[in-house]
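The structure under discussion appears below in the form of structure tokens.
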Protein chains: 2
Amino acid sequence: MFEKVLVTEDLGSINHGIANILHERTGVKEVQQAQYCDDAYLKFRRALRDDKPFDLLITDLSFKESHRQRELVSGLQLIDAIRLIQPDIKVIIYSMEDRPAKVKSFFKEQSINGYVCKGRYGLNELVQSVGEVYHNNTFISPLLANAMNKNNVFELKDYDLLLLKHLSDGLTQEEIRMYFKRNHISPNSISSIEKRLNKLKYNFKAKNAIHLVAMTKDLGLL
Amino acid sequence: MFEKVLVTEDLGSINHGIANILHERTGVKEVQQAQYCDDAYLKFRRALRDDKPFDLLITDLSFKESHRQRELVSGLQLIDAIRLIQPDIKVIIYSMEDRPAKVKSFFKEQSINGYVCKGRYGLNELVQSVGEVYHNNTFISPLLANAMNKNNVFELKDYDLLLLKHLSDGLTQEEIRMYFKRNHISPNSISSIEKRLNKLKYNFKAKNAIHLVAMTKDLGLL
DNA sequence: AAATTATTTATGGTTTCCCGTAAATAATTA
DNA sequence: TAATTATTTACGGGAAACCATAAATAATTT
């Protein structure tokens, strides 16, 4: 089982709860805690330098603002930062976020090993996930995994996302065309942009561009 | 000080934490807990029938789905339901939601007495809020109150919200006009709808309708 | 009641979006 | 390399949105 685990989470009570339950119900030897992403990062650095690296990170995603000046303000930033100094680190996210598209992106972008949804069964699932991840499997909260399967998530390319992003920022198709041209992103004709948009509208069953942007925002894609 | 308080919150650990701290740091005599809105409602009903009513409700807003069939699925529904049988009940919401517009609406729509933002100082603020509410004052988490003040929140009328809502649902201005006409909502000419929309765009500094809808969604207005 | 003011509605011109078709170019296959 | 197929681009007509101005109506003031 994992030797050394760090739990990052800004609510002290939850943090403690996790630490306790990991001690009790998994064979993890050492559980450390951090309430700020910056602290977590420093602990990782120090552990690495002392040749006693962590082998699992469990982190929340959102951290409330505070008086302290912060470098890393989100769990994702923390993960990215740690991966730079310790690429093989195993990561489990433990958060409220339950929008399939978002969670999917965490596995893709951050290559996380597990995702556990905070909620009534959260702690149980977290214990499970630690076991799975230790055996090199991935873990997703069952309810969420369910939603992600049946919900035939139409696969959005980066291109589509960028397009939607710019639309939601109020750019006209013409402005988007120019942007694509400047940045050598292809296809970049008005026609192609329209065609792509039509495909998106068809897939999401959106009545028009406004509707499309509103829907994708609700789905957490933007 | 309050005699009898109910805390509704689906994470057991947090629930316990709140109960403990209320016991320790306020003079509240009796603190009960509920993990489901439906349970909370039943406890209120029973207490009322037994002539030992609660005099404060502290509740979260969002509750994760579970296996159980539920009537009331959100804190807001719970509040509304309880207000029907016990109109004078004091209510404090304790939740992650930190969008000014939303919180504002809770004070307006649900006439809540306090709003505490979960976060690093959440529990401290919660203790404070109980004191304030007991003395018939309202309470809002300082950081949030701050944001709500400086953030010159352009006051949206119901009309505007409805308009934005329909826009985000993909209706054309013409369709919205017809809807307004059918439902005797005035003004209901295309011209007026455009004018209203222009005012909204100006106030939110939105470039076009898509941008406007995207922004208001981000602000939690829709 | 008349005059002033504010609000709502109407109208027309311009731009952008929407949608279909066709041409041009790129990629794949025979 | 020629032929086929897929992708990208161009173009045009009609609808909706955008914008400014003017007319009509409602509300307020004198």
Side-chain angles (χ1 to χ4, degrees), chain A residues 152-219 221-222, chain B residues 152-219 221-222:
Chain A
N152 77 104
V153 185
F154 166 65
E155 203 54 53
L156 286 178
K157 298 190 192 359
D158 292 347
Y159 183 86
D160 298 308
L161 278 179
L162 201 54
L163 187 48
L164 288 170
K165 180 72 176 51
H166 282 149
L167 258 192
S168 78
D169 283 342
L171 302 198
T172 66
Q173 296 181 356
E174 172 61 20
E175 288 168 324
I176 296 175
R177 188 200 111 255
M178 292 192 302
Y179 172 88
F180 280 168
K181 216 145 222 166
R182 268 203 309 280
N183 295 79
H184 310 101
I185 296 169
S186 155
N188 52 35
S189 69
I190 291 269
S191 261
S192 295
I193 289 172
E194 280 183 1
K195 185 164 277 183
R196 210 62 214 145
L197 229 36
N198 277 331
K199 199 163 279 179
L200 288 169
K201 275 188 281 185
Y202 174 80
N203 276 295
F204 285 101
K205 298 178 199 1
K207 295 217 230 341
N208 55 37
I210 299 181
H211 196 196
L212 176 66
V213 167
M215 293 177 83
T216 48
K217 265 200 169 302
D218 283 337
L219 291 171
L221 297 167
L222 291 184
Chain B
N152 73 105
V153 185
F154 166 65
E155 203 54 54
L156 286 178
K157 299 192 192 0
D158 292 347
Y159 183 86
D160 298 308
L161 276 179
L162 201 55
L163 186 49
L164 287 171
K165 181 72 176 50
H166 282 149
L167 257 193
S168 78
D169 283 341
L171 302 199
T172 65
Q173 296 181 357
E174 171 62 19
E175 288 169 323
I176 297 175
R177 188 199 112 256
M178 291 192 302
Y179 171 87
F180 281 167
K181 217 145 223 165
R182 267 203 309 279
N183 294 79
H184 310 101
I185 295 169
S186 156
N188 53 36
S189 70
I190 291 271
S191 260
S192 295
I193 289 173
E194 279 184 3
K195 186 165 277 183
R196 208 65 212 141
L197 229 36
N198 276 331
K199 198 163 281 182
L200 289 169
K201 276 188 280 185
Y202 174 80
N203 275 295
F204 285 101
K205 298 178 198 3
K207 295 218 236 325
N208 55 37
I210 299 181
H211 195 197
L212 177 66
V213 167
M215 293 177 83
T216 48
K217 267 200 168 304
D218 283 336
L219 292 172
L221 297 168
L222 289 183

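Throughout, protein chains are lettered first and strands after them, A, B, ... in sequence-line order, and every chain is numbered starting at 1.
Going from atom NE2 of B/His166 over to atom C1' of D/dA16 covers 18 Å, rounded to whole Å. To the nearest angstrom, C1' of C/dC19 lies 17 Å from CZ of A/Arg196. Atom pair B/Ile210:CD1 and D/dA17:P shows a separation of 11 Å (rounding to whole Å applied). Taking atom CG of A/Leu197 as the reference point, atom C1' of C/dC18 lies 10 Å away to the nearest angstrom. Rounding to whole angstrom units, CG of residue B/Leu163 and P of D/dA17 are separated by 11 Å. For the pair A/His211 NE2 and C/dC18 C1', the computed distance is 17 Å after rounding to whole Å. If you measure from atom CG of A/Asn198 to atom P of C/dT21, you get 13 Å, rounded to the nearest angstrom. Here the P atom of nucleotide D/dA17 and the NZ atom of B/Lys201 are 10 Å apart, to the nearest Å.
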Under 3.5 Å, which donor-acceptor pairs link side chains of residues 162-169 of chain A to any protein atom two or more places apart or in another chain?
from	atom 1	to	atom 2	distance (Å)
A/Lys165	NZ	A/Asp169	OD2	2.9
A/Ser168	OG	A/Lys165	O	2.8

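Checking the phosphate oxygens (OP1, OP2) of C/dC18, a side-chain nitrogen or oxygen of A/Gln173 falls inside 4.0 Å. Between A/Asn208 and the phosphate of C/dC17, there is no side-chain N or O to OP1/OP2 separation shorter than 4.0 Å.
Using a 4.0 Å cut-off between charged nitrogen and carboxylate oxygen, B/Lys217 and A/Asp218 count as a salt-bridge pair.
Of the possible polar contacts, one joining the A/Asn188 side chain to the A/Ile185 backbone as a donor-acceptor pair under 3.5 Å is found. Side-chain atoms of A/Asp160 come within 3.5 Å of backbone atoms of A/Lys157 as a donor-acceptor pair (strictly under, hydrogens ignored). A donor-acceptor pair under 3.5 Å links the side-chain atoms of B/Asn208 to the main chain of B/Ile210, judged by distance alone.
Counting heavy atoms from C-beta outward, B/Arg182 and B/Tyr179 have side chains that approach closer than 4.5 Å.
Proximity note for B/Thr172 (side chain, C-beta onward) versus C/dT16, D/dC18, D/dA16: the nearest is D/dA16.
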Go through it in stages, so that I can follow the logic: the residues are B/Asn198 and B/Lys195, the test is side-chain contact (heavy atoms from CB on, under 4.5 Å), and I'd like the CA-CA distance, side-chain angles, deciding distance and then a yes or no. CA-CA 5 Å; B/Asn198 276 331; B/Lys195 186 165 277 183; 5.5 Å; no
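Looking at residues 179-195 of chain A, you'll see A/Pro187, A/Asn188, A/Ser189, A/Ser191, A/Ser192, A/Lys195 sit with a heavy atom under 4.0 Å from some atom of DNA chain D.
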